[in-house]
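So you know, we letter chains A, B, ... as the sequences are listed, proteins then strands, and number each from 1. Everything numeric in this text was worked out from a predicted model, so none of it was measured.
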Amino acid sequence: MSDLPEKPTIDGLEAKWRAHWEAEGTYKFDRTKSRAEVFSIDTPPPTVSGQLHPGHVFSYTHTDLIARYQRMRGKEVFYPMGWDDNGLNVERRVQLLTGTIVDPTLPYDPNFVRPEKVDPKARSIAISRPNFIELCEEVVPEFEAAYHDLWANMGLSVDWDHTYTTIGAKAVRTSQRGFLRLARRDLAYRSESPTLWDVDMKTSVAQAELTDKELPGAYHKLVFTGPDGSPLLIDTTRPELLPACVAVVAHPDDERFQPLFGQHAITPLFGASVPIVAHELADPEKGTGIAMICTFGDTTDVTWWRELSLPVRAIVQRDGRLRPITWGEAGWETTNAPGAQAAYDELTGKNVKQAQKRIVELLTETSLLDGEIRPITHSVKFWENGTRPLEIVTSQQWFIRYPDKGEMLARGQELAWWPDFMRVRLENWVNGLVGDWNITRQRFFGVPFPVWYPIDDNGITDFLSPILATEDVLPLDPTAAVPPRYAEDQRNQPGGFAADPDVMDTWATSSLSPQIVCGWEDDPDLFARTFPMDMRPQAHEIIRTWLFSTIVRSHYEHDSLPWANAAISGFIVDPDRKKLSKSAGNADDPVALIEQYGADALRYWSANGRPGMDMVFDEGQMKIGRRLAIKILNASKFVLGIRAAGDGAQVTEPVDRSMLVGLASLVDEATAAFDRFDYARALERTEGHFWAFCDDYLELVKNRAYSEAPEAESAKVALHLALDTLLKLFAPVLPYVTEEVWSWWQNGSIHRSAWPDAAALRSAAVGGDAQVLDLASEVLREVRRAKSEAKVSMRSKVLEAVVTDTAERIDLASACGSDLVQAGVIDELRFSPGESFSVAVTLAPVGA
RNA sequence: GGGCGCGUAGCUCAGUUGGCUAGAGCGCUGCCCUUACAAGGCAGAUGUCGGGGGUUCGAGUCCCUCCGCGCCCACCA
């Protein structure tokens, strides 16, 4: 306890209480509690590669609101924090920040030092893979520190002893163990197949990481030769893929092409004979109604290729350039090998854009392009942070088999969603899934596959017979460790072994976040106390990725949901309803916002965002939050400035009881709202109640409370009960200001105190009627209105006030007559029975 | 093209199973130094509840339909 301050302020509360909570271990998880006593939270590990922005404050605050509420409800809250520091985005940011690029062929350079200054226009420095990983390990903690600092200042009540990184040993071990278990059950498998490929980052990309972008393109009408030698016109936006054409396709019902099915067409320039086939996906309305199938121009090509059992003629390499081809060899049959070769040699080594330009010239020169090129706008698949369209290349990848769709949908039903309609996002996603989950990334800073491959005596690596590591040696880097029964000198030798060169997709690790934080296999005691978890808070935009994949992993590993509740938050939009982003120049720095308004004010703004709803970035709300925090300080100072009631004092006055009864209803309402994860409603009701408490109840009873009258005791008890209750209701939203006030009159932390008990309030106010305070407030409002309209001070005297109302209501209102007299500065207050409510106010003459 | 959400005061939003004259805050207007707070207080004005139709004694709320916005998914020759 400390003395009441002369002039309370909210400035500096963050630093003061952050340090205090840290020192006291206020939010430390007590792992002796049983599962039933624990509330465990699967905190989203933020991608540390991003810029800090107010969206982070928004959604992470929502989780903390629930954590603080549950803690006050008596739960032992398990609230860990993670940093997502592996994955493509992190590598990309480190590359940009340090001006480097990986060249895996380079040897490790022990003398490499991070460049001091990076000129964004300068050419990137090529470094080795191990050097790059070291660089990531050096830079990433700087990112993490910025997040930690922000979270701590925002008052997130996480237990920092339970912090993990998605590239840390614990996460790597868990990811590798999870992978090995699936591989041994044949639920993870390796296969060669067409894969969406980012030619800049030179890696495959998962379905979940795709985004569509509208790009200009153009239809080119190519002149194929039909079976009877007549021209067959085919529209394409990808003429450069003509050499990769393996068939042409039309709709089975399309009468124009039905006679041609089963026959062959000859491709222009390359003279390849390709079958004319039928498939429902071919759209008679598009282009000329007949399309060329290339390996591979888009995902429809992949579908056709797979379902029609077509051969592969791949020309685009992993760097996005066309590879050399010898026409006339097996797989590249042509009626005109020299001509095909001459044309193709013009394209070899070019990227797809350059190749398109050149092939259009070649087609034009030979009159194989019919009519004009017609520009269109079409959407093209990109990696969500990529700069060039994805290509499709064939490569070796690890896949996780998806469970049966029905099983996944049943898990979605079993999960409690807040708000409920978000479940549909998962169902849409599950119903639209195509193929299995590609978890391989041809990258560097990630979780390696704990796998090697045997090399036969001829030096050929057998990628389809992986040697799995045993679980006892995890975490493991196969490029450093040696598989059982092999020696290091057999690495990459005939008769020896080769390490899997790839790393796991970031979601392959993130999908195990419950297993990582709860200590799956590593700490069975902790696991038993925390898993399955209570709550997964997350944004709706990653339902298809994080939420979905976590359900899949838990389904396989534990045959259960990973958590009981999914609390989905919206995101922040600017006033034009566009998603707020740094690149758009409309995001403010949250650190500066805390400085300006205070963490409580930012939390207040966040807490106004209802679950699942997007919210407009609005500094006005932060100002209101700041004002509320200051008001709490001042009102509390006033209440606590009144001498405490004597021992055994009771609440006896009807208006005091009335106030407490109303407060009990508020507690019921706030509790029910929090139980539905609706912190916004809880705050709205509490806030409204608090302002009315200040404006009306405090004004009504302040004179009595300060007096020596016996009735003062009742007011004092009621005021302290009310302050205690209101502070606690505000505590989850405004942890700093409520803790500050708590410290003026109580020991310990308000955040470890018990949530208010409505029943206790009702028993302190037995016989109370909520109407009494309402009526008194109405009378007071009429008196104020009279003074306001007369443009006189609120302290000016009322000669007479006559309250007319029904007998029953007069009975209630007259019970607080003396409080009304003092609050309204009324000489004579009378009550008169009548039909309806009115107050006749006679003011003292001006100057009297 | 399919799905989900949203549309209420100038702005941001409440309005729960249909039920008194549709609410709050901000902003706006006027007033008040009032001893917790002038970084404050008191009071006031402000609506075709997106449009149309229907069910009902009664619709912001339920049904149909149209319009607009956002997001997710699909398509992408």
Side-chain angles (χ1 to χ4, degrees), chain A residues 4 7-10 212 214-215 217 219-222 234-239 241 248-250 281-283 286-294 297-301 304 376-381 419 421-429 431-434 540-541 543-544 570-571 573 575-579 605 608-610 612-618 620-621 623-624 626-628 630-642 669 672-673 676 678 680-681 684-685 687-688 691 694-695 698-699 702 706 780-796 825:
Chain A
L4 288 185
K7 181 88 179 162
T9 173
I10 65 168
D212 291 344
E214 291 287 327
L215 278 192
Y219 274 123
H220 304 71
K221 194 167 286 176
L222 308 189
I234 294 183
D235 269 319
T236 179
T237 56
R238 301 286 308 267
L241 293 180
V248 296
V249 63
L281 280 180
D283 182 353
K286 274 199 179 137
T288 57
I290 184 162
M292 67 174 191
I293 302 175
C294 305
D298 59 34
T299 50
T300 314
D301 278 343
W304 281 328
I376 55 159
T377 301
H378 61 161
S379 66
V380 179
K381 284 194 194 308
F421 65 78
M422 287 294 179
R423 175 184 289 111
V424 179
R425 301 277 184 109
L426 178 73
E427 291 171 349
N428 280 348
W429 177 250
N431 286 323
L433 279 174
V434 178
H540 55 66
E541 61 203 354
I543 287 173
R544 65 173 181 163
F571 49 60
V573 295
D576 302 328
R577 306 283 152 172
K578 293 278 187 288
K579 190 177 171 186
W605 162 69
N608 273 294
R610 296 185 129 71
M613 304 291 279
D614 295 347
M615 202 166 85
V616 175
F617 178 77
D618 183 4
Q621 289 294 314
K623 288 182 189 156
I624 297 163
R626 183 176 173 84
R627 201 170 68 114
L628 173 64
I630 293 168
K631 185 79 173 180
I632 290 171
L633 285 181
N634 284 314
S636 302
K637 179 191 157 198
F638 173 65
V639 169
L640 296 173
I642 299 166
E669 205 172 354
R676 296 191 312 269
D678 193 353
R681 174 179 297 274
E684 182 195 46
R685 294 304 155 98
E687 188 187 5
W691 284 100
C694 291
D695 293 343
L698 279 186
E699 293 299 326
K702 67 204 286 186
Y706 269 120
L780 198 54
R781 182 162 302 113
E782 291 303 318
V783 172
R784 284 167 173 163
R785 191 205 313 276
K787 292 180 181 178
S788 188
E789 282 170 1
K791 300 183 197 289
V792 297
S793 160
M794 289 297 143
R795 289 195 67 197
S796 63
V825 199

Contacts of type side chain to side chain donor-acceptor pair (under 3.5 Å), residue A:Arg681, not counting sequence neighbours: none

In whole angstrom, give me the gap between the [atom1] atoms of [N] and [M].
N     : M     : atom1 : value
B:G3  : B:U8  : P     : 24 Å
B:C63 : B:U55 : C1'   : 7 Å
B:G30 : B:U35 : P     : 24 Å
B:G27 : B:G41 : P     : 11 Å
B:G70 : B:G25 : C1'   : 25 Å
B:A43 : B:C49 : P     : 28 Å
B:U46 : B:G10 : P     : 12 Å
B:G68 : B:C62 : P     : 22 Å

On the nucleotide [N], are OP1 or OP2 found under 4.0 Å from the side-chain N or O atoms that [X] carries?
X        : N     : answer
A:Lys623 : B:C11 : no
A:Lys286 : B:C75 : no
A:Arg781 : B:A43 : yes

Under 4.0 Å protein heavy-atom contacts per nucleotide of nucleotides 20-32 of chain B, with B for base, S for backbone only and - for none: -----SS---BSS

Validation row: A:Lys381, A:Asp298 side chains within 4.5 angstrom (heavy atoms): no

A:Pro8 vs A:Asp283, nearer the 5' end of RNA chain B by closest nucleotide: A:Pro8

Closest-nucleotide ordering on RNA chain B, the 5'-leading residue of A:Val424 and A:Ile630: A:Val424

Runs of at least three consecutive pairs that involve RNA chain B, where pairs are Watson-Crick or G-U with distances under 3.5 Å: B:1-7 with B:67-73, B:10-13 with B:23-26, B:28-32 with B:40-44, B:50-54 with B:62-66

Distance, nearest 0.5 Å, that separates OG1 of A:Thr300 from CH2 of A:Trp304: 5.5 Å

Contact summary for A:His540 and A:Asp614, nearest pair of heavy atoms: NE2-OD1, 3.2 Å

Closest approach of A:Ile10 to A:Arg626 (non-hydrogen atoms, all atoms of both residues): CD1-NH1, 3.5 Å

Flag, side chain of A:Ser636 to backbone of A:Ile632, donor-acceptor distance under 3.5 Å: yes

Base B:U16 paired with A:Arg685 side chain (donor-acceptor, <3.5 Å): yes

